[in-house]
Amino acid sequence: MDYNFREIERRWQQYWIDHQTYKVTEDRSKPKFYVLDMFPYPSGAGLHVGHPLGYIASDIFSRYKRSQGFNVLHPMGYDAYGLPAEQYAIQTGQHPAITTESNIKRYREQLDKIGFSYDWSREVRTCDPGYYKWTQWAFIRMFHSYYCNQAQQARPIAELTELFSRQGTRGLDLACNEPMEFTAEAWNAMSEKKQQEILMNYRIAYLGDTMVNWCPELGTVLANDEVSEGFSIRGGYPVEQKKMRQWCLRVSAYAHRLLDGLDKVDWTDSLKETQRNWIGRSEGAVMHFRTSRGIAFDIFTTRADTIFGVTFMVLAPESELVKELTTGEQREAVEDYIAKTKKKTERERMADKSVSGVFSGSYACHPFTGEQLPIWISDYVLAGYGTGAIMAVPAHDSRDYAFARHFNLPIIPLIEGCDISEESFDAKEGIMMNSDFLNGMTVKEAIPAAIDEVEKRGIGYRKINFRLRDAIFSRQRYWGEPFPVYYKDGMPYTLEESQLPLELPEVDKYLPTESGEPPLGRAANWHTGEGYPLELNTMPGFAGSSAYYLRYMDPRNDNTLVSEDANSYWRNVDLYIGGTEHATGHLVYSRFWNKFLFDLGVSCEEEPFKKLVNQGMIQGRSNFVYRIKGTNKFVSLNLKEQYEVTPIHVDVNIVHHDILDIEAFRQWNPEYKTAEFILEDGKYVCGWAIEKMSKSMFNVVNPDDIVEKYGADTLRLYEMFLGPLEQSKPWDTNGIDGVHRFLRRVWSLFYKEGDLSVSDEEPAKEELKSLHKLIKKVSFDIEHFSFNTSVSAFMICANELTSLKCSKRAILSDLTVCLAPFAPHLAEELWRTLGNSTSVCDARWPVWNEEYLKEDAFPYAISFNGKSRFVLEFPADVTNEEIEKAVLVHPNSQKWIEGKNPKKIIIVPKKIVNVVI
RNA sequence: GCUCGGAUGGUGGAAUGGUAGACACGCAAGACUUAAAAUCUUGUGGCCAUUAAGGCUGUGCGGGUUCAAGUCCCGCUCCGAGUACCA
């Protein structure tokens, strides 16, 4: 019998379905382990060979943990809301739900062929009402919560109303959009509407006015990457910066905890660093300034020490202060400037390094010297960070320097010996000068000293600023979760939790309405029972993916997002595998969302993902043929220099080991039917290059094809064998034969000349050594996500056992269990072949025995190296004297030392012997 | 600009500070075959030597620490990824 992988894989996949082998329950008799993949967006193109890389790794890990006695939760689902389905709907009129459903079906078929151990009974889809009910529920809870900075916790908004009516804002430290102060009397005297408006300033999910890329022609907000040079990429319509009332999530309130939490998780340093930069903590001070006409405003600075170098002030063009501070004669110039900057997207403003700005006409008073400082307006200051206003210190900030040079403003150096003739001196080092009470201090001493003085004089205070901004949560789109929100008297109110889910309504078209409202504006009866209009925006993509890992714990529960029972058992994700591209998106939102649910007591762990591994991208390996210009003649790679040629991408599926299948090429495209070839050694050799895997490069390799040709087990092993999991690497089908050969070699350990031949004899020493070397190595490698080297270990073991002609049951049995996570189908088949009646998935992971790994020769010479040294291994308890004696009598060393008369034998730790001649 | 990675044969890649190049691809030779494919065996960093045995050299570049460096430290070069008027 040959290794018939098609038959084997079909049979056991069916068996696993029939016996629900991978279904898990909250079995409290076993320790839990939660292994999660980032769920995919089911795109129309289906899976290519790069997608399953992380899934295979997590599947190996899950199966390994299971065989170690853990109760493993390993679920899968779909991030089903998304733009491509909606765009397809706009073009074809097909409902996005239908497109999504058929894409999911295709994904599932492809995934099933690879033999994953998912518990599909727990599948979730973000577009399923039973699922998004809980996305909407979390939103309602965020709406009805505020963030208390003192307690560092989200609290019910009802508690805040209570506090306001008792003490006003006195003594409260709250996360908000704008700081407010009022007394209890003032609060109690306010109208209901006014109170609601004020509460909006504190809600965790709030309606706020934020700057967005607005495209009037398309009637929608666009993301930065959908805009180029002031025009929409789709359609080429003008885009402007517009302040719009949008739903936002107060992620910034959690900045501190999001930052601190990074110390408690086991992620790579680079990913943590990316998040730290994104959260962007900076320590500094807020300082109060006052114009000569008495208008007060605040700035934020991290360099309070440079206060005596301030020569002007700058406001962001969007700042509220611009109107107030612009004087009559400057009004026209200022308005002109603001109109110009408005046209640019934020991204363009960032890209455009040229200096621009306009004088406001006002002057600020220096808080220490009383000097008059001109107030300018420039787009190099961002409204969204700090207070939207800065004190400019041109000598020690490169941006201020460029601005001062451009507009001929004074520059005062503050650090002894610094050269500011060509550029500013930005480094935080040196001795202060020109700075009154700070003179003579180092910069590091001067920063706190300056802030102390500022606080003492009451002209400012210490402040930690975060770069992290609140998340804009509205989209003017159809294919997303509807907000459980209606409007009454212009104010938003949430639906009752019992009214959830609020299902996505049908619309006639998936475009904005004629009056520019989002697509939901087309829905009939889109209002509450009382006739109040419902929210027309939908939620963004990250809404549904923010808490899906919690829902997997209890996916069919209709009463709560996750029961306390299930949550207290599964707790959080022990291992999360996915791409780095989510570092500042999903992985921030998800952590925020979980912390909020933690504050609510719904999630019992503060961090959702304990360990996170980023799998690398698999790139494509493209092949080229070379057409001689102006002909239909193609020349082989190494002869192409003799002609003038055009390289043309050729489908990698008709190329083998860079040799073109000429017949297939002629069939591939009618244009090449009559193609002629100039061959080398009778073959057409193709060129190659590493590029992104995409249809247009003809380098997409479909996992289905690999499974069909080599089997799922070969695909799994080969994807792991390609290289380190975390590294990006090109797919190259060329090496796959080696892995396939290995599996056949394993098969032939069991089957000799077609017949099963397994003996019950006691294993020999060498066989045990080979097996236990494998168990040790593979156990270690799986724990360290080094799957490529464990595949190598299997190959070495199989080669050794083959040459030992091993067919001992005891050896083969353990080998099969080790192989099961990697090649589950083959392992299952062989396991049954050995006479087991239960699945290999239930077999226990073997434990290695160091006894078998010991070397028996003593001393054991490994090698000679260079002129004066050789390496010997001794058991640790051997004394140096014994070693010295042994070195001199050992045949290998004698042979080497012979005639050279060693002067000295040096034995260093780890029992390395150096012989000095 | 800043941050984080990386640089090892023809290729993908192995090496708790201890035989550099495991394992695999490719290539070469051989066996089987009418032939090819498949399979199996052997060889395979470079240079020199070859009847042998062997020798020299070698992990991007330059230093350093160490009995011992691909690995640790300092200074460069190049490549990749992320991020960026964040005051």
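Residue numbers start from 1 in every chain, and the chains themselves are labelled A, B, ... in the order their sequence lines are given, proteins ahead of strands. These figures come from a predicted structure and were not determined experimentally.
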Pair pattern of RNA chain B in dot-bracket, where unpaired bases get dots and | marks partners in another strand, Watson-Crick or G-U under 3.5 angstrom:
(((((((..(((.....[....)))((((((.......))))))((((.....))))..(((((..]....))))))))))))....
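- With sequence neighbours left out, the salt bridge (charged side-chain N to carboxylate O under 4.0 Å, His left out) criterion links A:E783 to no other residue.
- Contacts of A:E726 classified as salt bridge (charged side-chain N to carboxylate O under 4.0 Å, His left out), with partners at least two apart in sequence or in another chain: none.
- Of the candidate nucleotides B:A87, B:C23, B:C25, B:C25 has the atom nearest to the side chain of A:N734.
- With sequence neighbours left out, the ring-ring contact (aromatic ring centres under 6.0 Å, His included) criterion links A:Y589 to A:F542.
- Partners of A:F780 under the ring-ring contact (aromatic ring centres under 6.0 Å, His included) rule, at least two apart in sequence or in another chain, are A:H784.
- Comparing A:E273 and A:F466 by the nucleotide of RNA chain B that holds the closest heavy atom to each, the one mapping nearer the 5' end is A:E273.
- A:E320 is linked by a salt bridge (charged side-chain N to carboxylate O under 4.0 Å, His left out) to A:K243, counting only residues two or more places apart in sequence or in another chain.
- Separating the C1' atom of B:G43 from that of B:U50 is a span of 16 Å, rounded to the nearest Å.
- Pairs of residues two or more places apart, or lying in two chains, that qualify as side chain to side chain donor-acceptor pair (under 3.5 Å) and include a residue from residues 384-396 of chain A are A:S282-A:Y385.
- Here the separation of B:U59 from B:U71, taken at their C1' atoms, is 10 Å to the nearest Å.
- Within the structure, salt bridge (charged side-chain N to carboxylate O under 4.0 Å, His left out) pairs that include any residue of residues 786-805 of chain A comprise A:K773-A:E800 (at least two apart or interchain).
- Only A:F300, A:T301, A:T302, A:R303, listed by number, bring a heavy atom of residues 299-306 of chain A to less than 4.0 angstrom from any atom of RNA chain B.
- For A:K776, the salt bridge (charged side-chain N to carboxylate O under 4.0 Å, His left out) test picks out A:E850, with sequence neighbours left out.
- Heavy atoms of A:I796 sit under 4.0 angstrom from primed sugar atoms or phosphate atoms, though from no base atom.
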Show each protein N/O and nucleotides 38-44 of chain B N/O combination with a separation under 3.5 Å, one pair to a line.
residue : atom : partner : partner atom : Å
B:U39   : OP1  : A:R741  : NH1          : 3.0
B:U39   : OP1  : A:R744  : NH2          : 3.3
B:U39   : OP2  : A:R741  : NH1          : 3.4

Across nucleotides 8-15 of chain B, 5' to 3', mark each nucleotide with B, S or - according to how protein heavy atoms within less than 4.0 Å reach it.
----BSSS
